[in-house]
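One structure is given here, and the rest of the page talks about it.
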Amino acid sequence: PRSIFMSRHGESQYNVDGLIGGDSLLSERGMTYARALPALITENIGDAPLTVWTSTLQRTIQTAQLLPYTKLTWKSLDELDAGVCDGMTYEEIEQAYPEDFANRDEDKFNYRYRGGESYRDVVVRLEPVIMELERQENILIIGHQAILRCLYAYFHNLPQADLPYIKIPLHTVIKLTPKAYGCDEERYTLPI
Ligand code: F6P
């Protein structure tokens with residue numbers, strides 16, 4: 001049976017600084033993850049074919065760099081666009097846009113950042129990615145927190161209201177193996 005592997009990019013400089021969005025590079029810890037990932041994947045999959053999908057953002061491309069597989073970049077896999085809040089901390093957002101901050105807390109799935117996107121918007125833009133995923137064999141997606149929440153919710157059929165709170169930790173590979181109904185799941189966390 002084919003599997004869909006998904007992982008967030010390794011820890012980025014923005015993750016270290018608590019900033020959302022952006023296009024920063026990996027931190028030293030993130031680089032350690034990128035170096036450890038090829039062995040984890042290869043041991044899991046053996047010599048079966050695999051294609052790696054990344055976003056167009058540097059932190060996913062850097063995380064995938066050492067993987068010995070064919071790679072494809074998708075603009076549709078870029079992280080949820082935080083609009084005017086891109087590059088801010090959550091505290092700065094709360095200060096600058098208190099009403100928005102409260103509204104997001106109230107309905108995180110539907111809240112759309114000023115000049116940016118909502119989770120609902122992301123679900124729509126991921127439709128072609130999901131269509132292609134349904135047709136493919138083994139795929140490894142190196143993605144972003146909000147994006148992987150949407151894909152994970154799709155494969156496990158989770159309700160929209162829960163989707164923005166799904167835990168997708170850093171430095172963890174989630175392996176989904178679709179069955180007749182639903183998916184089997186395994187997780188591999190690297191102690192980095
Ligand atoms: O902090 C990392 C990050 O990927 C941000 O770029 C993004 O805005 C955020 O997580 C999404 O998570 P949440 O919807 O919980 O703010």
Side-chain angles (χ1 to χ4, degrees), residues 5-34 37 52-65 73-127 129-130 140-156 158-174 187 189-190 192:
F5 298 82
M6 49 178 83
S7 169
R8 291 175 67 186
H9 54 80
E11 181 190 73
S12 69
Q13 195 51 52
Y14 262 36
N15 292 148
V16 174
D17 299 337
L19 308 175
I20 70 167
D23 190 12
S24 65
L25 293 171
L26 297 185
S27 68
E28 200 42 58
R29 271 183 81 218
M31 287 300 297
T32 303
Y33 182 66
L37 198 51
V52 180
W53 291 0
T54 68
S55 74
T56 68
L57 299 171
Q58 303 188 80
R59 55 195 185 274
T60 66
I61 294 170
Q62 236 188 332
T63 304
Q65 206 158 20
T73 61
W74 286 80
K75 178 82 177 144
S76 307
L77 286 175
D78 285 1
E79 181 54 308
L80 184 149
D81 182 354
V84 297
C85 294
D86 188 85
M88 294 170 80
T89 65
Y90 292 111
E91 294 76 57
E92 287 168 349
I93 296 169
E94 188 173 14
Q95 286 285 319
Y97 306 104
E99 251 180 66
D100 285 69
F101 196 79
N103 289 340
R104 188 166 203 251
D105 197 44
E106 197 57 46
D107 185 356
K108 198 176 174 186
F109 185 77
N110 286 299
Y111 171 78
R112 178 182 283 150
Y113 279 104
R114 297 171 187 237
E117 292 178 301
S118 64
Y119 273 91
R120 182 181 292 282
D121 295 330
V122 172
V123 165
V124 171
R125 88 157 131 97
L126 284 174
E127 273 170 21
V129 175
I130 288 171
L140 165 60
I141 301 170
I142 307 290
H144 303 272
Q145 175 154 257
I147 301 303
L148 296 183
R149 281 174 173 157
C150 295
L151 295 176
Y152 185 92
Y154 171 79
F155 283 104
H156 277 316
L158 301 176
Q160 289 176 350
D162 298 347
L163 181 161
Y165 301 98
I166 297 169
K167 289 195 168 53
I168 312 279
L170 283 172
H171 305 164
T172 301
V173 175
I174 300 173
R187 290 189 179 220
T189 301
L190 287 173
I192 288 167

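None of these values were measured; they are calculated from a predicted model. In each ligand, atom 1 is the first atom listed, and ligand 1 is the first ligand listed.
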Could I get the full list of salt bridge (charged side-chain N to carboxylate O under 4.0 Å, His left out) partners for R120, not counting sequence neighbours? none

Apply salt bridge (charged side-chain N to carboxylate O under 4.0 Å, His left out) to D78 and list each qualifying residue two or more places apart in sequence or on a separate chain. K75

The answer, listing residues by chain and number that come under 4.0 Å of ligand 1 through any heavy atom, is N15, I20, G21, E79, Y90, R104, K108, Y119, Q145, R149

For Y33 and H171, the nearest pair of non-hydrogen atoms, with its separation, is CE1-CA, 3.3 Å

Least distance between heavy atoms, S55 atom then T60 atom: OG-OG1, 3.0 Å

Is there side-chain contact between I147 and E79, with heavy atoms separated by less than 4.5 Å? yes

Kindly write out the residues that satisfy salt bridge (charged side-chain N to carboxylate O under 4.0 Å, His left out) with R125, not counting sequence neighbours, or none if the list is empty. E117

